[in-house]
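Letters go in sequence order (proteins before strands), and every chain restarts at 1.
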2 protein chains.
Amino acid sequence: MIKSMGLAGSIAMPADFTPLYRQVMEEIRAKISSGEWPPGHRLPSTRDLAVQYDISPGTVREGVNRLLEAGDLRGHQGLGVFVAERPPPPV
Amino acid sequence: MIKSMGLAGSIAMPADFTPLYRQVMEEIRAKISSGEWPPGHRLPSTRDLAVQYDISPGTVREGVNRLLEAGDLRGHQGLGVFVAERPPPPV
DNA sequence: CTGGATTTGTACGTATGTATT
DNA sequence: CAATACATACGTACAAATCCA
């Protein structure tokens, strides 16, 4: 689950803070690794993910963009974002 | 050089259109490859690059973010963005 | 065939927080 | 303390592609 922690206006930021967009990446990668979202699976729309996580669409997009760049996901305009058929090559 | 081509309001979009943020990535990678920006070199600030390219800071950031993720660049808050000392591992 | 709805992709803008000089 | 610069988060707008009634 993604917790925004109410950063704005908070007194102190925890040392182990993980940015929301990175939490999004972790959530998605976890679902892929666990098999909940197998290769070819279509993800919920950006807007739906934003509603689910209670964060802005732009922040979801930020995380998804990096997974697209990394090769974990494949995006198709008008269709959706899908789990890559072949996992990205390890570093 | 980055040319925005005046997308908004244009009659037709060229088939070989490359997004502005990708042109930014190419420009930066070209300067790194050519040796103009060697490892450890500090890049101009995001704002300065935006002025140079005549695009918005957010779009520069979009390209820089992906190069940071890919390992080509290293960012340091309050300091700037630097060419990575060691090039990212090839895919 | 046409038009609307949906969804990704791109671009821009604003605000705030954090780190360094 | 002030200025600079990156990092994050949110928001808006429009274009392009797809699907479907």
Q | For atom CG of L20(A) and atom P of dG17(C), their distance in whole Å | A | 15 Å
Q.
How many whole angstroms separate atom CG of L49(A) from atom C1' of dT6(C)?
A. 15 Å
Q: Starting from C1' on dG9(C), measure out to CZ on R22(B) and report it in whole angstrom.
A: 11 Å
(Q) Check this one for me: any side-chain N or O of T59(B) less than 4.0 Å away from OP1 or OP2 of dC12(C)? (A) yes
Q.
Base, sugar-phosphate or nothing for L73(A)? Non-hydrogen atoms, less than 4.0 Å.
A. nothing
**Q.** Nucleotide dT8(D), atom C1' - distance to CG of N65(A) in whole Å
**A.** 15 Å
Q) Which one, dG9(C), dA11(C), dT8(D), comes nearest to the side chain of F17(B)? A) dA11(C)
**Q.** Among dA19(C), dT7(C), dT8(D), the nucleotide that comes nearest once only the side chain of Q77(B) is considered
**A.** dA19(C)
Q: Assign V81(B) to base, sugar-phosphate, or nothing according to its heavy-atom contacts below 4.0 angstrom with the strands shown.
A: sugar-phosphate
Q) Does the side chain of T46(B) get closer than 4.0 angstrom to OP1 or OP2 of dC6(D) through an N or O atom? A) yes
(Q) What is the distance, to the nearest angstrom, from the CD1 atom on I55(B) to the P atom on dA11(C)? (A) 8 Å
Q.
Strictly below 4.0 Å: does Y21(A) bring a side-chain N or O up to OP1 or OP2 of dA9(D)?
A. no
**Q.** Nearest listed nucleotide, side chain of R42(A), among dT10(C), dC6(D), dT7(C)
**A.** dT7(C)
Q) Counting side-chain heavy atoms from C-beta on, which of dG9(C), dC10(D), dT10(C) comes nearest to R61(A)? A) dG9(C)
Q) How close or far is atom P of dT18(D) from atom CZ of F82(A), stated in whole angstroms? A) 11 Å
Q | CG-CD distance between N65(B) and E62(A), expressed to the nearest 0.5 angstrom | A | 5.5 Å
Q) Between atom CD in Q23(B) and atom P in dA11(C), what is the gap in whole Å? A) 8 Å
Q. G75(B) near the nucleic acid: base, sugar-phosphate alone, or nothing, with a heavy-atom cut-off under 4.0 Å?
A. sugar-phosphate
Q: To the nearest Å, give me how far apart CG (D48(B)) and P (dT4(D)) are.
A: 11 Å
